[in-house]
Amino acid sequence: MVALQNDRFLRALLGQPVDTTPVWIMRQAGRYLPEYRATREKAGSFMDLCRNADLASEVTLQPLERFDLDAAILFSDILTIPDAMGLGLYFAEGEGPRFKKVIRSQADVEKIGIPDPEQELSYVMNAVRTIRRDLNGSIPLIGFSGSPWTLATYMVEGGSSKDFGKVKGMMYENPQAMHLLLEKLADSVTLYLNAQIAAGAQAVMIFDTWGGLLTPKTYQEFSLQYMQRIIDGLQREAEGREVPVTLFTKGGAQWLELMADTGCTALGLDWTINIADAKKRVGDRVALQGNMDPCVLYGSEETIRKQVKEIITDFGDGSAHVFNLGHGIHQHINPDRVNVLVDAVHEFGKR
């Protein structure tokens with residue numbers, strides 16, 4: 001394996017000294033970039049793009065050619081696992097992801113199996129290997145998965161939802177079926193992330209996009225305990241160094257201490273909490289990732305620089321901070337604004 005030229009992202013996650021605050025951006029390979037839109041058109045569809053290792057690598061590397069980012073993230077989708085379970089993922093124009101089959105009963109849950117990552121999901125592992133080769137040791141590669149609860153929401157609702165009534169209804173009406181589904185998903189995600197690590201991912205992230213919908217008790221029972229199960233089963237060392245794992249529950253600021261107790265390396269923060277408060281609550285148990293409101297990028301250069309400086313100042317001393325947005329970048333953002341953000345992070349984050 002080629003030695004890493006820039007490992008400040010990995011070092012920051014592990015609380016080791018860095019020369020400046022590292023930065024990457026959720027959905028950094030995406031629709032706000034004209035070159036991404038051109039490659040996606042060439043691929044034919046979003047899933048065709050995900051399934052073509054060379055094109056998936058091409059779009060993963062596109063933002064790195066424009067911006068001085070400190071990490072690349074695998075180009076894929078959180079819904080690859082439910083698709084591999086036979087639910088038939090497709091993307092409806094203007095509607096986002098949909099499934100041809102949905103899970104509504106214990107019998108439906110019993111029918112689904114746990115996908116073999118090197119068989120049904122081999123295209124993801126091929127993409128990881130191809131991206132690692134093409135990065136050629138420049139910066140680290142992040143692998144990822146959706147959390148069991150977040151995957152379950154799409155599987156039961158059949159796609160995205162306004163009120164999540166079906167999945168929360170199933171959770172309250174038939175908790176046994178929901179727990180069985182979440183167990184299968186936790187085991188699938190563990191295998192999937194370990195396969196990504198074996199293929200070359202140098203850090204992994206679990207996206208619990210919809211965990212914030214839950215009550216404090218149901219969050220612990222139906223989301224957190226299954227993320228704990230994954231963390232307990234992850235391969236935490238590869239290529240002679242630690243593999244950090246970041247946990248991100250959108251809307252989960254009230255549960256930071258519980259999340260830190262899982263043994264994860266870092267917590268992702270959305271923009272609804274001050275990073276100084278988060279740091280005070282979790283101390284040096286975990287690194288923190290975040291947490292600028294993505295909409296700041298609609299603002300002027302001066303506004304962006306001011307917000308970056310505030311977050312870095314609020315974090316204060318210590319190296320255990322990875323700068324990021326509090327969620328994915330919006331598709332209508334001007335890419336020039338991202339350059340302003342990245343350069344400001346490296347300027348204000350200097351140690």
Side-chain angles (χ1 to χ4, degrees), residues 4 6-30 32 63-64 66-73 138-142 144 202-205 207 244-250 253 256 264-280 282 284 286-330 333-351:
L4 265 177
N6 169 2
D7 68 350
R8 65 167 75 103
F9 164 74
L10 296 176
R11 294 177 66 82
L13 286 178
L14 298 169
Q16 296 167 357
V18 289
D19 57 333
T20 189
T21 303
V23 56
W24 69 278
I25 290 166
M26 288 191 251
R27 288 200 205 118
Q28 63 192 25
Y32 73 107
L64 314 181
R66 275 186 184 255
F67 317 121
D68 186 19
L69 295 159
D70 296 297
I73 183 163
S138 54
I139 54 174
L141 174 63
I142 305 165
F144 72 92
Q202 290 143 296
V204 292
M205 184 157 168
F207 285 94
V245 53
T246 302
L247 213 53
F248 174 62
T249 294
K250 186 167 178 273
L256 293 182
C264 63
T265 319
L267 295 178
L269 305 175
D270 66 18
W271 61 90
T272 62
I273 182 171
N274 180 287
I275 201 165
D277 295 339
K279 188 178 170 187
K280 209 177 288 173
V282 297
D284 57 7
V286 287
L288 295 174
Q289 179 182 281
N291 66 332
M292 195 171 90
D293 181 349
C295 291
V296 170
L297 291 172
Y298 289 115
S300 66
E301 292 189 14
E302 187 188 350
T303 300
I304 294 165
R305 286 174 57 79
K306 181 171 175 278
Q307 292 281 334
V308 168
K309 190 175 185 180
E310 273 179 17
I311 289 168
I312 288 174
T313 304
D314 284 345
F315 182 83
D317 293 338
S319 60
H321 179 209
V322 172
F323 199 98
N324 207 317
L325 302 177
H327 202 236
I329 187 168
H330 294 195
I333 293 296
N334 178 344
D336 294 342
R337 294 289 194 268
V338 178
N339 254 326
V340 175
L341 164 73
V342 172
D343 292 347
V345 172
H346 288 151
E347 178 189 336
F348 298 128
K350 276 204 171 62
R351 300 284 178 250

I need the minimum non-hydrogen distance between [X] and [Y], along with the two atoms involved.
{"X": "Asp68", "Y": "Val342", "value": "O-CG1, 3.4 Å"}
{"X": "Gly299", "Y": "Ile304", "value": "O-CD1, 3.8 Å"}
{"X": "Val286", "Y": "Cys264", "value": "CG1-O, 3.5 Å"}
{"X": "Ala287", "Y": "Ala12", "value": "CB-O, 3.8 Å"}
{"X": "Ala278", "Y": "Leu256", "value": "CB-CD1, 3.6 Å"}
{"X": "Ala253", "Y": "Ile273", "value": "CB-CB, 3.9 Å"}

What distance separates [X] [atom1] from [Y] [atom2], expressed to the nearest 0.5 Å?
{"X": "Cys295", "Y": "Ile333", "atom1": "SG", "atom2": "CD1", "answer": "7.0 Å"}
{"X": "Phe348", "Y": "Thr21", "atom1": "CZ", "atom2": "OG1", "answer": "11.5 Å"}
{"X": "Met205", "Y": "Met26", "atom1": "CE", "atom2": "CE", "answer": "4.5 Å"}
{"X": "Asn274", "Y": "Lys279", "atom1": "CG", "atom2": "NZ", "answer": "11.5 Å"}
{"X": "Ser319", "Y": "Leu13", "atom1": "OG", "atom2": "CG", "answer": "10.0 Å"}
{"X": "Asp7", "Y": "Gln202", "atom1": "CG", "atom2": "CD", "answer": "9.5 Å"}

Requested in this report: From the options Leu341, Ile25, Asp70, select the one residue that forms a side chain to side chain contact (heavy atoms under 4.5 Å, CB included) with Phe323.
Outcome: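 For Phe323, the side chain to side chain contact (heavy atoms under 4.5 Å, CB included) check succeeds only for Leu341.
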Requested in this report: Please examine the side chains of His321 and Val18, heavy atoms only from C-beta on, and report whether any two atoms are closer than 4.5 Å.
Outcome: no
Query raised in the report: Considering only heavy atoms from C-beta outward, does the side chain of Trp271 approach that of His327 to under 4.5 Å?
Result: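 Yes, close enough: below the 4.5 Å cut-off.
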**Report entry** CA sep, side-chain torsions, deciding dist, call: Leu297, Leu325, side chain to side chain contact (heavy atoms under 4.5 Å, CB included)
**Finding:** CA-CA 10 Å; Leu297 291 172; Leu325 302 177; 4.0 Å; yes
**Report entry** Donor-acceptor contact below 3.5 Å, side chain Gln307 vs main chain Asp293
**Finding:** no
Requested in this report: Mark yes or no for whether Thr265, through its side chain, and Thr246, through its backbone, hold a donor-acceptor pair below 3.5 Å.
Outcome: no
Query - Mutual orientation of the aromatic rings belonging to Trp24 and Phe9 [parallel < 30°, tilted 30-60°, perpendicular > 60°] - result: perpendicular
Query raised in the report: Angle class for the Phe67/Tyr32 ring planes (parallel below 30°, perpendicular above 60°, tilted otherwise)?
Result: parallel
Query raised in the report: Considering residues at least two apart in sequence or located in another chain, which fulfil the side chain to side chain donor-acceptor pair (under 3.5 Å) criterion with Lys306?
Result: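 Applying side chain to side chain donor-acceptor pair (under 3.5 Å) to Lys306 gives Glu310.
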Query raised in the report: Counting only heavy atoms not in Gln16, do more than 12 fall under 6.0 Å of its CD?
Result: yes
Query raised in the report: So which pairs with a foot in residues 335-351 pass salt bridge (charged side-chain N to carboxylate O under 4.0 Å, His left out), sequence neighbours left out?
Result: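 Counting only pairs at least two positions apart or across chains, the salt bridge (charged side-chain N to carboxylate O under 4.0 Å, His left out) contacts touching residues 335-351 are Arg305-Glu347.
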Requested in this report: Would you please name every residue forming a salt bridge (charged side-chain N to carboxylate O under 4.0 Å, His left out) with Asp19, sequence neighbours left out?
Outcome: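 With sequence neighbours excluded, Asp19 shows a salt bridge (charged side-chain N to carboxylate O under 4.0 Å, His left out) to Arg8, given in chain and number order.
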